[in-house]
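Down below is the structure, laid out as structure tokens.
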Amino acid sequence: MRPGYPPRRHHKCRLSPAPRSVLDLTPVGRPPSAQHPRYGRRERTMTAADVVVVGGGVIGMTTAVTLQRRGARVTVLTAHDPADLVSTVAAAVWYPSHTDEDPRVLRWARDTHAALRRQAADGVPGVVDRPTRMWLRRPYHGPPWWADACGDLVAEPARPPYTALLRFTAPTVEMNRYLTWLHRQVENGGGRVVRRAVGALAEAYQVAPVVVNATGLAAGRLADDPAVHPARGHVLLVANPGLTVSVRDEDDPAGVTYVHPRRHDVVLGGTYEPGVGHTRPDPEAAAAIRRRCVALVPQLADAPVLGERIGLRPVRHGGPRVEVDPAHGRLVHAYGHGGAGVTLSWGCAAEVADLALSV
């Protein structure tokens with residue numbers, strides 16, 4: 001594997017990797033779990049962890065929590081603070097956006113939907129079940145391929161220009177609060193989340209004998225994978241005038257349109273621009289997003305704009321890469337989820353944990 005490079009800037013927030021000297025390899029002191037006796041046989045002086053997850057976004061953190069729940073000692077290396085990750089730019093609504101039909105992806109989506117709904121019921125910070133309305137303009141020939149994953153999808157007739165209305169429940173996630181919760185889950189379980197950028201995945205073996213590569217867009221360089229590319233996304237945040245229902249019109253000829261209410265604001269989207277790798281503001285695009293969203297949900301007409309977010313989705317031709325590296329048997333890849341990171345997170349994490357604990 002050729003040397004990698006630090007992750008590129010994902011959005012407009014300040015991204016400044018901490019010096020490598022902050023890495024502490026002292027064992028965390030968490031006793032090995034009886035669920036995995038082989039961890040108990042390993043000499044604790046060899047490394048501070050059984051598995052190191054490189055990447056602190058939603059894929060990396062859910063993987064770390066899943067591994068820890070199965071008894072592994074885990075360290076997460078992240079180049080950025082939670083607020084500076086591309087995951088926080090996401091509207092973070094369960095929906096397999098720009099994801100091709102695939103039995104494996106359907107399983108991940110179904111398992112994640114169930115996990116997020118349980119978390120919403122349990123009061124996990126940032127997770128809320130939202131009734132969702134999805135307007136279709138294309139001919140309706142039956143439920144979408146992902147319908148089985150949400151379990152309660154109902155289709156209704158609609159007036160032109162729409163052909164159908166889909167109603168279903170979609171968990172939504174406020175990512176700043178949720179990533180903070182995930183960090184605390186790891187730390188409260190005896191793991192570590194360390195601020196460190198790696199120049200090559202080989203550096204992670206200093207921390208643990210098994211490495212999970214959940215580096216998102218940076219995986220294109222770190223894993224030498226030309227299939228990885230950015231897809232620029234642009235959303236606006238406006239004050240919430242009292243909305244509680246998410247609304248989507250992805251077939252709008254003027255551009256993908258969605259309205260996702262949260263506690264104190266509403267996410268208005270958006271754009272999906274494959275191959276665009278910058279996060280510069282675009283006032284014309286922002287104005288167009290607002291026009292489309294107000295046309296879809298007129299209650300937004302007077303909602304003041306609170307801000308905007310621009311980020312780069314970590315997309316991969318061929319879909320997510322989740323596998324053991326054929327040339328490096330103790331390296332497990334988990335990247336390329338594009339704009340569906342939250343939607344696939346917990347289901348994918350279970351599969352990544354299976355692989356990491358079997359190598």
Side-chain angles (χ1 to χ4, degrees), residues 58-59 62 90-122 124 127-173 175 178 231 233 235 243-253 255-262 267 269-270 272 292-293 296-297 313 315-316 318-320 322 336-352:
V58 68
I59 297 297
T62 53
V93 176
W94 183 97
Y95 177 70
S97 177
H98 296 91
T99 302
D100 294 332
E101 182 175 358
D102 181 304
R104 181 180 63 162
V105 171
L106 179 61
R107 182 178 70 252
W108 296 343
R110 181 191 301 112
D111 292 348
T112 302
H113 189 277
L116 291 175
R117 295 207 66 180
R118 287 194 298 269
Q119 291 174 9
D122 291 342
V124 169
V127 186
V128 178
D129 278 340
R130 289 283 181 203
T132 300
R133 308 292 180 259
M134 181 172 177
W135 295 96
L136 303 182
R137 296 174 185 251
R138 59 188 181 275
Y140 182 70
H141 298 299
W145 65 269
W146 46 265
D148 181 62
C150 61
D152 64 351
L153 184 142
V154 175
E156 301 176 357
R159 295 179 178 179
Y162 303 108
T163 59
L165 171 64
L166 304 183
R167 297 176 181 267
F168 57 97
T169 302
T172 66
V173 181
M175 288 306 296
Y178 194 57
V235 300
L243 303 181
T244 59
V245 177
S246 288
V247 185
R248 314 182 74 96
D249 180 3
E250 296 211 337
D251 298 334
D252 188 329
V256 58
T257 304
Y258 49 82
V259 173
H260 297 313
R262 304 192 296 189
V267 180
Y272 188 89
R292 298 198 306 272
C293 290
L296 184 64
V297 182
R313 300 176 180 91
V315 183
R316 181 175 183 271
V322 176
H337 299 75
V342 169
T343 302
L344 306 179
S345 57
W346 288 102
C348 183
E351 185 164 329
V352 175

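Since this is a predicted model, take the numbers as computed values, not measurements. Heavy-atom basis, side chains included; hydrogens, waters and symmetry copies ignored.
Scored by the salt bridge (Lys or Arg N to Asp or Glu O under 4.0 Å) test, R316 finds D225 as partners (sequence neighbours excluded). In terms of the ring-ring contact (aromatic ring centres under 6.0 Å, His included) criterion, H337 has no residue partners (sequence neighbours excluded). With sequence neighbours excluded, the residues forming a salt bridge (Lys or Arg N to Asp or Glu O under 4.0 Å) with D129 are R117, listed by chain and number. Partners of W146 according to the ring-ring contact (aromatic ring centres under 6.0 Å, His included) rule, which considers only residues two or more places apart in sequence or in another chain, are Y95, F168. Applying the salt bridge (Lys or Arg N to Asp or Glu O under 4.0 Å) test to R104 and every residue at least two apart in sequence or in another chain returns nothing.
The stretch residues 149-166 participates, sequence neighbours left out, in these salt bridge (Lys or Arg N to Asp or Glu O under 4.0 Å) pairs: E156-R167.
Rounding to the nearest 0.5 Å gives a distance of 7.5 Å between OG1 of T163 and CG of D251. Here the CH2-CD distance, from W346 to Q119, works out to 5.5 Å after rounding to the nearest 0.5 Å.
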Requested in this report: Verify side chain to side chain contact (heavy atoms under 4.5 Å, CB included) between W135 and T257, making sure each step is shown before the conclusion.
Outcome: CA-CA 10 Å; W135 295 96; T257 304; over 6 Å; no
Report task. List the steps and the verdict of side chain to side chain contact (heavy atoms under 4.5 Å, CB included) for T172 and R262. Result -> CA-CA 8 Å; T172 66; R262 304 192 296 189; 5.8 Å; no
Report task. Using the side chain to side chain contact (heavy atoms under 4.5 Å, CB included) rule, take L116 and V342 through it: C-alpha gap first, then chi angles, then the decisive distance, then the call. Result -> CA-CA 9 Å; L116 291 175; V342 169; 4.2 Å; yes
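The shortest side-chain heavy-atom distance between T62 and V352 does not fall under the 4.5 Å cut-off. You'll find the side chain of E101 stays beyond 4.5 Å of the side chain of L106, heavy atoms only. For the pair S246/P261, a side-chain contact is recorded, criterion being any heavy-atom separation below 4.5 Å from C-beta on.
No option in T343, T99, V322 other than V322 meets the side chain to side chain contact (heavy atoms under 4.5 Å, CB included) test with W108. With R248 as reference, V93 is the one residue of L166, V93, V256 to meet the side chain to side chain contact (heavy atoms under 4.5 Å, CB included) rule.
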